[in-house]
Amino acid sequence: MANKKNELSIYNSLSGEKEIFKPLKEGFVGLYVCGPTVYSYVHLGNCRTFISFDMVYRYLKHLGYTIRYVRNITDAGHLENDAEEGEDKIAKKARLEQLEPMEIVQQYTINFHETLSKFNNLPPSIEPTATGHIIEQIEMVQKIKDNGFAYESNGSVYFDVEKYNKKNYYGELSKRKIEDLISGTRSLDGQNEKKSPLDFALWKNAKPEHIMKWPSPWSVGFPGWHLECSAMSTKYLGEEFDIHGGGMDLKFPHHECEIAQGTASTGKKPVRYWMHANMLTLNGKKMSKSTGNTLLPNELISGDNDVLEKGYNPIVVRFFMMQAHYRSTLDFSSEALNAAEKGFSRLMDGINILKNLKTSDQSSQDVKDIIDSFYDAMNDDFNTPILIANLFDAVKYIQNVNNGTSTISKQDKELLEKEVNAFTFDILGLTEIQNEQNSSLDKVMELVLKMRQKARDEKDWDTADEIRDVLNDARIEVKDSKEGVTWMTK
RNA sequence: GGUCCUGUGGCCGAGCGGCUAGGCAGAGGUCUGCAAAACCUCGUACAGCGGUUCGAAUCCGCUCGGGACCUCCA
């Protein structure tokens, strides 16, 4: 499907339009995604962004690109808040819990990896940490300073936004004007070190009680909040690279600052295509750590929460997320998840039937058209909801072949199977859900169903139905079909 | 307050000038001892009011709702 490769268009936040994707170097893609801050558990909103970009990564791979996918781990450097005078987030929590900062980082990093693997995310090619790239960050500060876009103040180094804006456009990504930004700035304490309230820290002088700090030409301190992504993306993907992704809430100021830092240090705009994934909402509001409006992956999976009526398999959740476009907000609710759960099993049923579908001399539908529709959907800015709709069209066709109202040739069947599997499993990243095996329950059920079958053979419907009803109350569903009796836990 | 996004049938969610997705729920049917499941068939909805147009859910204006960013956040 190499011909489809040149038809991918991506919505570029920088231009505000869909653009045909052309990598800097034919056949290769550099992809950078802002990763998590590992000072607490990732919540589902975080997960949505990473799942969205996992899908992007998977589709680019499917198109045959060689991709270097870099996603950082922020284990230092983010400020707690202004009142804390620039205290490092990780250090703050460490003191509260009497743990080493790196102990916390380790704990939450492991949790992050475990969580994403439950959602069947592929690992990135490189997952660099901020603390592992202090030298690169110091070098970048120095470069920006040498180029005249930063100044030192009390051992801290700040980016000079107004100076940068004279020849560049600070605000080009978030579509803001510097005048509006200045007028909208609140006057806060502790900003007297800065020439302008818009200036942001590249390097912060650390207070004595600060735990995570490193020596630098300016002070013993720690890097600014936006610097790590610039330093690490430059190191691993180059001064200019293809795609930078992240959550919508990082657009300003984080990504705006990254553009400024990159441009100020190298003279080149660092990113060709900016992609932003939209927020996951809960009760109509953005999921957020700070407001407490969150749901953790484990709470979702176990059902141990006040928001949803039961637990959901992470793959069902992934499917649910894929039913919405990555640039739209998506609201979490039991009703919506229940619908996704049923839809998902319908899709899986279709795929299973396809495996052993009987073939005829010719096909009653144009299978190539169906497959083209998959590519067209994905090539239109990764439109997974349309892709899923088209997959359901394919399922309907498969069911019709299965019940004899349509036909498919052997060749088409093999083609369809290959592509449906590719889009469902490789690209959407879904997997078949295995029912957990419970051997003692299996044995009991074998016996119970044997007894029920005996009753049925004797046309003792009362007994047969009673067994079925009691099992149903115990959340075990019994289904009689021509092929025999099956059961499943609900 | 500033900047921007958004409002689609009972629910979720695509589409973004004409051909009017998809899933769930609901209705009818096939199958079945009955049921369930499964499968098939069925839905003309686009916040309100104006305007542009041969034609608008889709463009423009206003009104009313919801949300994001402007402060750490995916």
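In this text, all values refer to a predicted model and were calculated from it rather than measured experimentally. Just so we're on the same page: letters track the sequence lines, and every chain starts at 1.
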So A:F423 and A:Y59, would you call those rings parallel, tilted or perpendicular, with 30° and 60° as cut-offs?
tilted
Starting at [atom1] of [X] and ending at [atom2] of [N], how long is that distance when rounded to a whole Å?
X      : N     : atom1 : atom2 : value
A:K396 : B:C42 : NZ    : P     : 7 Å
A:R456 : B:A36 : CZ    : P     : 14 Å
A:K479 : B:A36 : NZ    : P     : 13 Å
A:D180 : B:G1  : CG    : C1'   : 11 Å
A:Q323 : B:G22 : CD    : P     : 13 Å
A:L173 : B:C5  : CG    : P     : 14 Å
A:M279 : B:C4  : CE    : P     : 19 Å

Tell me what [X] touches on the nucleic acid: a base, only sugar-phosphate, or nothing, going by heavy atoms under 4.0 Å.
X      : value
A:N400 : sugar-phosphate
A:H43  : base
A:L280 : base
A:R48  : nothing
A:N390 : nothing
A:G45  : base
A:N338 : nothing
A:G35  : sugar-phosphate
A:A324 : sugar-phosphate

For [N], does the base pair up with any side-chain atom of [X] as donor and acceptor (N or O, under 3.5 Å, distance only)?
X      : N     : answer
A:S288 : B:C73 : yes
A:D465 : B:G33 : yes
A:R346 : B:C39 : no
A:K286 : B:C73 : yes
A:R468 : B:A35 : yes

Looking at [N], I'd like to know if its phosphate oxygens (OP1 or OP2) sit under 4.0 Å from a side-chain N or O belonging to [X].
X      : N     : value
A:S328 : B:A14 : yes
A:K285 : B:G67 : yes
A:T37  : B:A74 : yes
A:K251 : B:C4  : no
A:K342 : B:G23 : no
A:N46  : B:C73 : no

Decide if the gap between the ring center of [X] and the ring center of [Y] is smaller than 6.0 angstrom.
X      : Y      : value
A:H255 : A:H226 : no
A:F112 : A:F50  : yes
A:F332 : A:F320 : yes

Among side-chain atoms of A:E193 and A:S153, is any donor-acceptor pair under 3.5 angstrom?
no
Do A:N400 and A:Q365 have side-chain atoms, one donor and one acceptor, less than 3.5 Å apart?
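No, no side-chain donor-acceptor contact under 3.5 Å.
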5' priority, RNA chain B, between A:K459 and A:Q399 [closest heavy atom]:
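Mapping each residue to its closest nucleotide by heavy atoms, the 5'-most match is A:K459.
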In terms of the nearest nucleotide of RNA chain B, which residue is placed more toward the 5' end: A:I353 or A:F319?
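The 5'-side residue here is A:F319.
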Considering Watson-Crick and G-U wobble pairs with both distances under 3.5 Å, what does [N] pair with?
N     : answer
B:A38 : B:U30
B:C19 : none
B:G50 : B:C60
B:C4  : B:G67

Evaluate the side-chain hydrogen bond (donor to acceptor under 3.5 Å, both in side chains) criterion for residues A:T131 and A:D75: first the C-alpha distance (whole Å), next the side-chain angles of each, then the deciding distance (0.1 Å), finally the verdict.
CA-CA 6 Å; A:T131 55; A:D75 56 354; 2.6 Å; yes
Integer angstrom distance from the [atom1] of [N] to that of [M]:
N     : M     : atom1 : value
B:G22 : B:G29 : P     : 23 Å
B:U52 : B:A14 : P     : 32 Å
B:G26 : B:C62 : C1'   : 38 Å

Exactly one of A:N72, A:T74, A:T49, A:I73 should register a side-chain contact (heavy atoms from CB on, under 4.5 Å) with A:P36. Which one does?
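Single pass found, and it is A:I73.
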